[in-house]
Amino acid sequence: MKFIKLFFSIIVITLLTSCASSKINKTLKQGAIAQDDFKVTIPFEYRKGIIILKVTIENEIYDFILDTGSSNVLSKELAEKLNVKPLGSSNVTDINKTSQLLNYTKVNDIEIGGIHFKETIAAIADFNSGQLACLNADGFIGSNLMRFAIWDFDFKNQIITITDNEQKLNIPADATESKMFVGTASSEPSIISYINGEKALNNLIDLGNNGTPHLAHGIFVKQKEANKITKYISGSGYSGIGVYGEGKKKNEYSTKVDEIKIGNHIINNKVMTVKDGKTNLGISFFKNYRLILNWKERSVKMSELSATNNTSLNHFGFNPGFNKNKLIVNFIYNNTETSKKLEFGDQILKINEVDFSNITDDTLCHYFNTTIIPVDTDLITVRVARNGEELTFDLKRMKLL
């Protein structure tokens, strides 16, 4: 039986942010590439919709998450193994705006596909806490390293080409080009878009976001009041998991945006999740495109390979999530048939014939990586525990947007 991915974003960490001190901003700009003339193509894999690259440090191969919305990170175990020396500390914020003070260090050489990235800066974080541990990653490759090269993403074939010169890439003449704006700290890339005809700044290209693209809350409110956005639904619960956990329960909207224009390219009927902060465009937004990021020329190029997806929200009305060794209902869309049956915090014992009542430390990552809700049916049976009772409900897939 096939299973659908969890609805919400799994990661990610926004490291050493642009709100950080001028000292760390300057420190993050350190680094260089050893080669002058290069072009390499490397494969990558998806884990829970997140890009995983093979990197080499001191002649050993490690699995790193690629995240343009982050700076480099080392796991504590890898930092200890490499015997790196902390250079200082800075606040590190995850997707839920939860922050911690973490040390950062300099990595002498990170090799990706034979390209040597020298003396870049990385934070040191605990990868054994929360569901980040289930990804079995050793670190993050972030924009403070990526900015020294041109990165060409083929999401369908799961390959990345890294080069020093766009002329080596055979870019289609009809590719859409947009100016890249670069964050002051970790050099995270952003673009301008036009949402329903209105200019929207600071659209973060965040390839660490594996979920629904985010629409900035301020834009949503303004356009809703002006009747430019008329299709939306609200819900309540945990809508994303960061490095430090689920964050706080909150009310949140999903909406359908009639038109997004980037450069001369128009995308219609895009479902987005409304979030505080910037509009955030992740892997699900770009996966039907060839995407080329060029920090040196401050350029983003997109070439559409297939029709855009995520143009409707068909859903069972709730999202499951792990709380320690329990699977719980951690998000429910309001005013749906599901909201009349399930309650936030219900422990999920079964979905159809899959038993989640006895999740152990050993099996948690198995369930996490397998995904939960079946996609090949419009009807599921959910058994939950609530206040000492066990209750069973039949739920139908609904078109919410």
Side-chain angles (χ1 to χ4, degrees), residues 1-11 47-50 95-96 129-135 210-212 233-254 273 284 313-401:
M1 178 179 288
K2 297 179 181 178
F3 289 86
I4 193 169
K5 293 184 184 299
L6 293 183
F7 172 76
F8 43 80
S9 302
I10 302 303
I11 308 293
R47 290 183 195 165
K48 207 65 179 179
I50 294 292
I95 196 170
N96 293 313
S129 61
Q131 292 154 35
L132 177 59
C134 296
L135 292 175
N210 66 340
T212 307
I233 185 170
S234 64
S236 178
Y238 304 139
S239 60
I241 298 174
V243 169
Y244 310 127
E246 293 92 346
K248 296 180 180 180
K249 179 185 176 183
K250 61 171 62 175
N251 296 320
E252 190 170 273
Y253 288 93
S254 290
T273 303
S284 70
L313 180 58
N314 298 300
H315 208 276
F316 284 102
F318 78 104
N319 295 327
F322 294 95
N323 185 343
K324 296 181 180 178
N325 287 353
K326 293 182 179 180
L327 185 67
I328 66 167
V329 175
N330 69 358
F331 188 90
I332 301 176
Y333 282 104
N334 299 329
N335 301 316
T336 61
E337 288 301 313
T338 297
S339 68
K340 299 173 184 177
K341 298 176 180 180
L342 297 183
E343 293 183 4
F344 176 81
D346 283 347
Q347 181 185 353
I348 299 171
L349 303 176
K350 262 189 173 185
I351 297 181
N352 290 346
E353 297 306 314
V354 182
D355 190 341
F356 299 102
S357 63
N358 187 29
I359 300 173
T360 66
D361 290 341
D362 292 332
T363 61
L364 174 62
C365 286
H366 166 74
Y367 288 119
F368 173 80
N369 289 319
T370 330
T371 64
I372 306 301
I373 303 178
V375 68
D376 55 356
T377 181
D378 291 326
L379 178 67
I380 60 174
T381 300
V382 180
R383 188 164 185 81
V384 301
R386 180 192 306 160
N387 299 326
E389 291 186 85
E390 291 190 7
L391 307 169
T392 301
F393 302 104
D394 291 330
L395 301 178
K396 293 182 180 180
R397 191 184 299 276
M398 303 164 282
K399 185 172 183 180
L400 302 183
L401 287 173

Once rounded to the nearest 0.5 Å, what's the spacing between atom [atom1] of [X] and atom [atom2] of [Y]?
X: Ile332; Y: Phe316; atom1: CD1; atom2: CZ; value: 15.0 Å
X: Ser357; Y: Leu327; atom1: OG; atom2: CG; value: 10.5 Å
X: Asn314; Y: Asp378; atom1: CG; atom2: CG; value: 8.5 Å
X: Ile348; Y: Lys326; atom1: CD1; atom2: NZ; value: 12.5 Å
X: Ile328; Y: Gln347; atom1: CD1; atom2: CD; value: 9.0 Å

If I compare all heavy atoms of [X] with all of [Y], which pair ends up nearest, and what's the gap?
X: Gly321; Y: Asn330; value: CA-ND2, 3.3 Å
X: Cys134; Y: Asn369; value: O-ND2, 3.3 Å
X: Pro374; Y: Asn352; value: CG-ND2, 3.7 Å
X: Asn210; Y: Gly49; value: CB-O, 3.4 Å
X: Ile373; Y: Ile380; value: CG2-CD1, 4.3 Å
X: Phe331; Y: Glu252; value: CE1-CB, 4.3 Å

Counting distance only, does the side-chain N/O of [X] pair as donor-acceptor with the main-chain N or O of [Y] below 3.5 Å?
X: Lys341; Y: Asp394; answer: yes
X: Ser284; Y: Gly211; answer: yes
X: Arg47; Y: Leu135; answer: yes

Test applied, side-chain contact (heavy atoms from CB on, under 4.5 Å); reference residue, Val329; option that passes from Thr338, Asp346, Val382
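Only match with Val329 under side-chain contact (heavy atoms from CB on, under 4.5 Å): Asp346.
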Those residues that, when tested against Asp355, pass salt bridge (Lys or Arg N to Asp or Glu O under 4.0 Å) (two or more places apart)
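With neighbours one apart ignored, the set is empty.
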Ring pair (Phe, Tyr, Trp, His ring centres under 6.0 Å) partners of Phe344, counting only residues at least two apart:
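Listed in chain order: Tyr238.
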Ring pair (Phe, Tyr, Trp, His ring centres under 6.0 Å) with Tyr253: which residues, sequence neighbours excluded?
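So Tyr253 forms a ring pair (Phe, Tyr, Trp, His ring centres under 6.0 Å) with Phe220, Tyr232.
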Does a side-chain heavy-atom distance below 4.5 Å link [X] with [Y]?
X: Phe368; Y: Ile359; value: no
X: Ser254; Y: Thr212; value: no
X: Phe318; Y: Thr336; value: no

Kindly determine whether Met398 and Tyr333 satisfy side-chain contact (heavy atoms from CB on, under 4.5 Å), including the steps that lead there.
CA-CA 11 Å; Met398 303 164 282; Tyr333 282 104; over 6 Å; no
Can you confirm whether more than 12 heavy atoms, excluding those of Asn335, are under 6.0 Å from its CG atom?
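At most 12 heavy atoms, drawn from other residues, nucleotides or ligands, come within 6.0 Å of this atom.
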Report the C-alpha distance between Asn334 and Ile233 in whole Å, list the side-chain angles of each, state the deciding distance to 0.1 Å, and finish with yes or no for side-chain contact (heavy atoms from CB on, under 4.5 Å).
CA-CA 7 Å; Asn334 299 329; Ile233 185 170; 5.9 Å; no
Assess whether side-chain contact (heavy atoms from CB on, under 4.5 Å) is satisfied between Arg386 and Glu343, documenting all intermediate values.
CA-CA 9 Å; Arg386 180 192 306 160; Glu343 293 183 4; 3.6 Å; yes
Do Ile372 and Ile351 pass the side-chain contact (heavy atoms from CB on, under 4.5 Å) test, and can you show the C-alpha distance, the side-chain angles, and the key distance before you say yes or no?
CA-CA 8 Å; Ile372 306 301; Ile351 297 181; 3.5 Å; yes
Partner of Thr360 by side chain to side chain donor-acceptor pair (under 3.5 Å), out of Thr363, Asn358, Asp362
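That would be Thr363; it is the only one of Thr363, Asn358, Asp362 passing the side chain to side chain donor-acceptor pair (under 3.5 Å) with Thr360.
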